[in-house]
2 protein chains.
Amino acid sequence: MSNSSSSRSPAAPAAPTVIVVDDDEQLREALSSLFRSVGLRVELYGSAAELLAAKPPAVPRCLVLDIRLPGVSGLDFQSQIATSPMNMPIIFMTGHGDIPMTVRAMKAGAVDFLTKPFRDQDMLDAVATALENDRKQSEADKASTDIRALYQSLTAREKEVMSLVTSGLMNKQVAAQINLSEITVKIHRGHVMRKMNAKSLADLVRMAETLGLGITKA
Amino acid sequence: MSNSSSSRSPAAPAAPTVIVVDDDEQLREALSSLFRSVGLRVELYGSAAELLAAKPPAVPRCLVLDIRLPGVSGLDFQSQIATSPMNMPIIFMTGHGDIPMTVRAMKAGAVDFLTKPFRDQDMLDAVATALENDRKQSEADKASTDIRALYQSLTAREKEVMSLVTSGLMNKQVAAQINLSEITVKIHRGHVMRKMNAKSLADLVRMAETLGLGITKA
DNA sequence: CAACGGAATATACCAAGGTATGAAGGCGGG
DNA sequence: CCCGCCTTCATACCTTGGTATATTCCGTTG
């Protein structure tokens with residue numbers, strides 16, 4: 001069992017994937033072999049539309065994209081993807097780019113912007129950075145999403161109590177604030193702790209921070 | 001002309017300042033009048049060295065800088081300033097820039113990278129963004145610095161107790177962890193609350209977050 | 001050396017947090 | 001209509017947090 005061929009283990013980290021979108025098939029193939037040579041998975045597409053039609057791979061992944069694409073431009077595609085669930089780090093390539101284009105891409109969060117011809121190592125460095133960013137991002141997203149799900153399982157009152165408690169008020173102060181008896185606040189508070197799966201008040205405060213609670217009504 | 005010369009009010013928000021560094025005097029003057037026309041303070045320098053010799057103005061402020069400067073390059077100056085106490089947002093200008101230069105500047109956090117000739121409005125927009133960034137940044141810095149100062153006033157034991165308490169442990173658990181009696185932990189804890197000026201445990205937890213406590217020894 | 005502050009501990013007391021049991025009213029869905 | 005859920009509150013009891021007072025030990029500094 002020195003793991004070789006069959007890798008259907010559920011806890012497998014899933015090989016990092018690079019998605020290449022370029023209308024030049026030769027370049028696609030060259031990039032594909034470059035990336036595979038360092039152990040990365042690769043998906044190739046000739047246009048943005050093809051990519052959108054496909055199912056996005058598991059994280060970590062990133063996009064390597066020519067700024068000039070058939071159909072939408074690379075920059076437009078960047079803004080499009082940024083607000084979609086398959087948001088991922090982007091590395092641009094260009095043959096005839098200009099500075100304003102570069103600035104726009106970088107402002108919108110591109111990891112790098114390489115001019116053709118580029119050195120293989122520059123591309124690999126950019127991809128490594130992008131994949132690491134994606135890993136971190138999806139990790140943070142998951143934590144945030146999980147907490148948000150728990151939070152949504154709270155009733156309106158419970159959310160209210162959680163907000164006040166995590167802002168540092170004592171039970172009696174919370175009670176006065178929302179016109180309840182202290183004992184009722186304690187009950188809600190207990191429910192909040194259980195439902196949020198918080199093992200301590202410190203825990204709950206950190207969750208409230210992640211949720212952005214308390215900033216809301218300032 | 002209601003308020004012109006004498007503005008020595010202590011709580012004054014201090015006019016936002018744009019610092020221009022360019023070896024072309026004509027351009028300096030043009031930018032100066034542009035910025036003053038929208039009510040901004042301006043400081044003009046012919047080189048990076050001149051700026052470094054001067055006393056940096058109060059926030060909010062930002063730097064407008066030609067990429068090609070006498071002496072150090074704009075990019076080198078950027079890395080230099082980034083780690084210095086007078087760190088501030090930078091907007092680059094260039095007559096003969098290229099894409100790799102642009103990418104490097106943007107990766108290093110430049111707010112914008114304008115090619116000469118640029119439209120006045122583009123410059124003003126960039127400056128407005130930069131000043132807003134600087135305001136936010138210095139606000140966050142100040143909060144963090146204040147908390148760090150309070151934290152440094154704690155004794156070694158108190159720091160230890162603060163770390164464990166904000167990680168969610170009960171007094172008795174803290175006591176067991178560092179081999180103390182519970183009563184002693186309570187005393188240290190009380191000292192921590194007073195010294196850190198925390199009005200509640202929630203407060204203290206948030207401060208610990210700002211300090212990056214608990215991540216340290218995982 | 002003496003004084004001082006940090007650290008540790010104990011006893012005692014009070015305030016606050018937390019849970020269990022019981023009970024009551026409102027409101028929506030089967 | 002009845003059941004379940006949310007909400008509210010009370011009494012009782014126990015745990016935990018927080019403070020005060022007092023004592024001891026240690027190391028540094030005037």
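Both backbone and side-chain heavy atoms feed into the values below; hydrogens, waters and symmetry mates do not. Here is how names work: the chains are called A, B, and so on, in the same order as the sequence lines, proteins then strands, and each is numbered from 1.
- Mapping A:Ile183 and A:Lys195 onto DNA chain D via the closest heavy atom, the residue that lands nearer the 5' end is A:Lys195.
- For the pair B:Ser181 and C:dT9, the criterion of a side-chain N or O lying under 4.0 Å from OP1 or OP2 is met.
- Contact check on A:Arg206 versus A:Asp203 returns no salt bridge, with no Lys/Arg side-chain nitrogen under 4.0 Å from an Asp/Glu carboxylate oxygen.
- Remark: C1' of D:dC6 and CZ of A:Arg194 are 15 Å apart, rounded to the nearest angstrom.
- Once rounded to the nearest 0.5 Å, the distance linking CG of B:Asp112 with CE of A:Met106 reads 12.5 Å.
- Rounding to whole angstrom units, NE2 of residue B:His191 and C1' of C:dG5 are separated by 11 Å.
- The side chain of B:His188 places an N or O atom within less than 4.0 Å of a non-bridging phosphate oxygen (OP1 or OP2) of C:dA8.
- With the nearest nucleotide of DNA chain C identified for both A:Gly190 and A:Lys172, A:Lys172 has the one nearer the 5' end.
- If you measure from atom CD of B:Glu182 to atom C1' of C:dA10, you get 13 Å, rounded to the nearest angstrom.
- Looking at heavy-atom distances under 4.0 Å, B:Leu201 makes no contact with the nucleic acid at all.
- Side-chain contact check for B:Arg36 and B:Ser32: at least one donor-acceptor pair (N or O, by modelled atom type) lies under 3.5 Å.
- Among the nucleotides C:dT9, D:dG17, D:dT7, the one closest to the side chain of B:Thr184 is C:dT9.
- Between the CZ atom of A:Arg189 and the P atom of D:dT16 there is a distance of 15 Å, given to the nearest Å.
- Between A:Lys186 and C:dT19 there is no side-chain polar atom (N or O) within less than 4.0 angstrom of OP1 or OP2.
- Among the nucleotides C:dG18, C:dA10, D:dC9, the one closest to any side-chain atom of B:Ile187 is C:dA10.
- The side chain of A:Asn171 contributes an N or O atom lying less than 4.0 Å from OP1 or OP2 of C:dG17.
- Distances shorter than 4.0 Å separate none of the side-chain N or O atoms of A:Arg157 from OP1 or OP2 on D:dC6.
- Put simply, OG on B:Ser200 and CE on A:Met170 are 10.0 Å apart, with the number rounded to the nearest 0.5 Å.
- A side-chain donor from one of A:Thr17 and A:Arg41 sits under 3.5 Å from a side-chain acceptor of the other.
- Listed nucleotides: C:dA7, C:dG17, C:dT19. Nearest to the side chain of B:Thr155: C:dA7.
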